[in-house]
Protein chains: 2
Amino acid sequence: MPRRPNPTTASPARGTIRSEVLAFVRGRLAAGSPPTVREVQQAFGFKAVESARQHLEALVAEGRLAKSPGRSRGYRLPVGGGPELNVRLIPQLGRVQAGGLREAIEDPDHWDRTGWLAVEGPATGAEMFALTVRGESMTGAGILPGDTVIVRRQDTARDGEIVVAQVRDEATVKRLRLRDGQIVLQPENPAFAPLIFAPDTEIRILGRVVEVRRRLA
Amino acid sequence: MPRRPNPTTASPARGTIRSEVLAFVRGRLAAGSPPTVREVQQAFGFKAVESARQHLEALVAEGRLAKSPGRSRGYRLPVGGGPELNVRLIPQLGRVQAGGLREAIEDPDHWDRTGWLAVEGPATGAEMFALTVRGESMTGAGILPGDTVIVRRQDTARDGEIVVAQVRDEATVKRLRLRDGQIVLQPENPAFAPLIFAPDTEIRILGRVVEVRRRLA
DNA sequence: CAGTTAAACAGACATATGTCTGTATGTCAA
DNA sequence: TTGACATACAGACATATGTCTGTTTAACTG
C-alpha cells in the first residue's frame with residue numbers, strides 16, 4: 001500500500017502529509033472541537049492509531065503544535081511566547097434601551113437573550129459586557145457610531161480613562177476628567193460640549209472601556 | 001454542608017449555580033477547550049462527579065447546551081435557538097516585517113510563530129489573518145496606530161473598501177479607490193497624499209479589512 | 001549487499017472520561 | 001408529619017482516548 005517512507009533529505013516536511021495533519025488540527029481547533037488521535041487517524045485513513053500519533057508528536061517536537069500530555073483532545077496551538085490564549089464570552093447589551101441598561105448590567109438573568117461576544121482578556125473574574133456606541137461624540141478617539149465597546153464593570157475610574165456613565169436615564173461613552181472636585185465627561189469631538197457634574201449627583205460610572213471593535217463587513 | 005436543595009418555585013434557574021456552570025462552559029468553549037465533566041466538578045468544588053453532570057444534563061434538557069453523548073468533552077453550544085456562536089482562531093501576523101508579510105500570509109507554515117486571535121465570523125472557509133496598524137494615515141476612518149485590523153484574504157476588492165495592499169516591499173492599510181483605470185490607495189488623513197498606481201504595477205491587494213480592534217487596557 | 005532511518009502497522013496497556021446505581025439531605029406542598 | 005422533588009454525594013462501571021512495545025516496509029547510504 002502507499003507507504004510514504006523515508007524521504008531522508010526531508011527538510012522540515014512542508015507541503016507533506018505532516019503539514020496536512022497540522023492543517024487538519026488547526027481546522028478542528030478553530031471549529032472549537034480539538035480532535036482525538038483516533039479522529040486524526042480516521043481523517044487520513046491510517047490503519048494504526050500510532051501512525052497519527054507519530055505525526056502529531058513530530059509536530060509537537062517541531063514546535064508547530066502544543067499539547068497537554070495525557071489529557072484527551074489535548075493538542076493545542078503553540079502559545080506564541082505570550083500569555084495563554086484566554087477567551088471569554090461576554091454579554092452584548094448593545095440594544096438594551098438606555099433606561100434598562102443598569103438593570104441589564106447587574107442582572108445576569110437578562111443575558112440569555114442577548115448576543116455573546118468572544119473577548120480575550122485576563123483570567124480575572126472581572127465582569128465585562130459589550131455595548132454599541134451611538135452618536136459621534138467620541139470620533140476624535142477613534143470611536144465611531146455603531147462601534148462596539150467592551151466594558152469592564154467598575155464603579156470608579158481614573159482621570160483620562162474612557163468610561164461608560166449613566167447620566168439620569170441615559171448611558172453615554174465619554175472620557176473621564178476629574179478636576180477640582182468636579183466630574184467631567186469630555187467628548188472627543190469639538191462639536192460637543194463637556195458635561196460637568198458635582199460629585200454624588202445624578203451621574204454614575206458603570207464601567208471602563210477596555211476595547212473598541214468595529215465590523216466593516 | 002451548603003446543599004442547595006429544591007427551590008421548587010424554580011423558574012428556569014437563572015442567576016443560580018446552573019447559570020454559572022453554563023457561563024463556565026461557554027468560556028471554555030470560546031477558549032477552544034471544551035471542559036470535561038470532572039473539570040466542571042473541580043471548578044465548582046463539587047465533591048461528586050455526578051453533581052456536575054446533573055447540571056450539565058439539565059442545561060442540555062433546557063436547550064441551553066448541546067452535547068455529543070459518549071464523546072469526551074462532548075458539550076457544545078446549541079446550534080439552533082440559543083445564542084449562536086462561531087468563533088475561529090486566526091493568525092496574528094502583526095509583527096511580521098513588511099517584506100515577509102506576503103510569504104507569511106500565503107504559507108500557513110509560517111503561522112506557527114505568531115499569536116492567535118479569536119474572531120467571530122461566518123463558517124465559510126475564508127482565510128483570515130490579523131495585522132497591527134502602523135502610522136496615522138487612516139485616523140479619519142477611526143483606525144489609529146496600534147490598532148489591530150482583521151483581514152479577509154482576497155486578491156481583489158471593490159471601490160471604497162479598506163484594504164491591505166503590498167506596495168513594493170511594504171504592507172499598508174488604505175481605502176481603495178478605482179478611478180479611470182487607476183488604482184488609488186487613499187489615506188483617511190489630510191496630512192497624507194493618495195498613492196496612485198497603474199494596474200498591474202508594483203501594487204498588490206492582500207486582503208480586505210473586515211474588522212478593527214483597539215485595546216485600551 | 002548490509003546498515004540506517006522514517007514511516008506505517010498491529011496489538012496491548014494505562015489513564016481519562018462519560019455514565020449508571022444507590023443513598024442522603026433539605027425544602028416545599030398536601 | 002409525610003411524600004415528592006431537586007440537589008449533592010459516593011462508588012462503581014463502561015467506554016473513549018492517550019501511550020507504549022515490537023514488527024514490517026521502503027528508501028537511502030556506505
Side-chain angles (χ1 to χ4, degrees), chain A residues 1-22 24-25 28-29 32-62 64-76, chain B residues 1-22 24-25 28-29 32-62 64-76:
Chain A
M1 296 286 90
R3 306 244 168 142
R4 245 169 169 275
N6 184 8
T8 299
T9 61
S11 47
R14 314 222 173 242
T16 63
I17 285 187
R18 181 151 308 167
S19 284
E20 293 176 38
V21 170
L22 179 56
F24 173 79
V25 175
R28 292 290 305 263
L29 288 174
S33 60
T36 65
V37 177
R38 281 169 181 80
E39 284 171 352
V40 175
Q41 174 199 355
Q42 284 186 26
F44 287 84
F46 292 129
K47 293 177 182 173
V49 193
E50 191 58 17
S51 304
R53 208 178 83 94
Q54 275 180 32
H55 282 296
L56 290 168
E57 290 301 320
L59 287 167
V60 171
E62 295 172 18
R64 305 210 277 167
L65 269 186
K67 77 159 189 174
S68 312
R71 293 218 150 334
S72 74
R73 306 172 188 272
Y75 290 91
R76 295 292 133 84
Chain B
M1 299 295 84
R3 307 242 166 144
R4 244 172 170 274
N6 184 9
T8 297
T9 61
S11 47
R14 314 214 173 250
T16 63
I17 285 186
R18 180 151 308 163
S19 285
E20 291 176 39
V21 170
L22 178 57
F24 175 79
V25 175
R28 292 290 305 265
L29 288 173
S33 62
T36 65
V37 177
R38 281 169 181 79
E39 284 171 351
V40 175
Q41 174 199 353
Q42 284 185 26
F44 287 83
F46 292 128
K47 293 177 181 173
V49 193
E50 191 58 17
S51 305
R53 206 178 86 93
Q54 277 180 29
H55 279 112
L56 291 168
E57 290 301 321
L59 288 166
V60 171
E62 295 172 18
R64 305 211 276 169
L65 269 186
K67 78 159 189 175
S68 312
R71 294 220 153 327
S72 74
R73 305 172 187 273
Y75 290 92
R76 295 293 131 81

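Computed over heavy atoms, backbone and side chain alike; hydrogens, waters and symmetry mates excluded. Note on naming: letters A, B, ... go to the chains in the order of the sequence lines (proteins, then strands), and numbering restarts at 1 for each one.
Rounded to a whole Å, the CZ atom of B/R18 is 10 Å from the P atom of D/dA6. In this entry the distance linking CZ of B/F46 with C1' of D/dA6 reads 13 Å, nearest Å. With rounding to whole Å, B/Q54 atom CD is found 15 Å from D/dC5 atom P. We find that CD1 of B/I17 is positioned 10 Å from P of D/dT7, with the value rounded to whole Å. The separation between A/L56 atom CG and C/dA8 atom P is 12 Å, rounded to whole Å.
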Protein proximity profile, nucleotides 10-20 of chain D - base contact B, sugar-phosphate-only contact S, no contact -, cut-off 4.0 Å on heavy atoms: B-----SBBBB
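For A/E39, the salt bridge (charged side-chain N to carboxylate O under 4.0 Å, His left out) test picks out A/R28, A/R73, with sequence neighbours left out. For B/E57, the side-chain hydrogen bond (donor to acceptor under 3.5 Å, both in side chains) partners at least two apart in sequence or on another chain are B/K67, B/Y75.
Note that the CG atom of B/L65 and the CZ atom of B/R76 stand 10.5 Å from one another [nearest 0.5 Å].
One N or O on the side chain of A/Q41 and one on the backbone of A/F46 form a donor-acceptor pair closer than 3.5 Å.
Contact annotation: A/H55 side-chain N/O to C/dA8 OP1/OP2 distance is under 4.0 Å.
At least one side-chain heavy atom of A/P34 sits less than 4.5 Å from a side-chain heavy atom of B/P34.
You'll find the ring centres of B/H55 and B/F44 outside the 6.0 Å limit.
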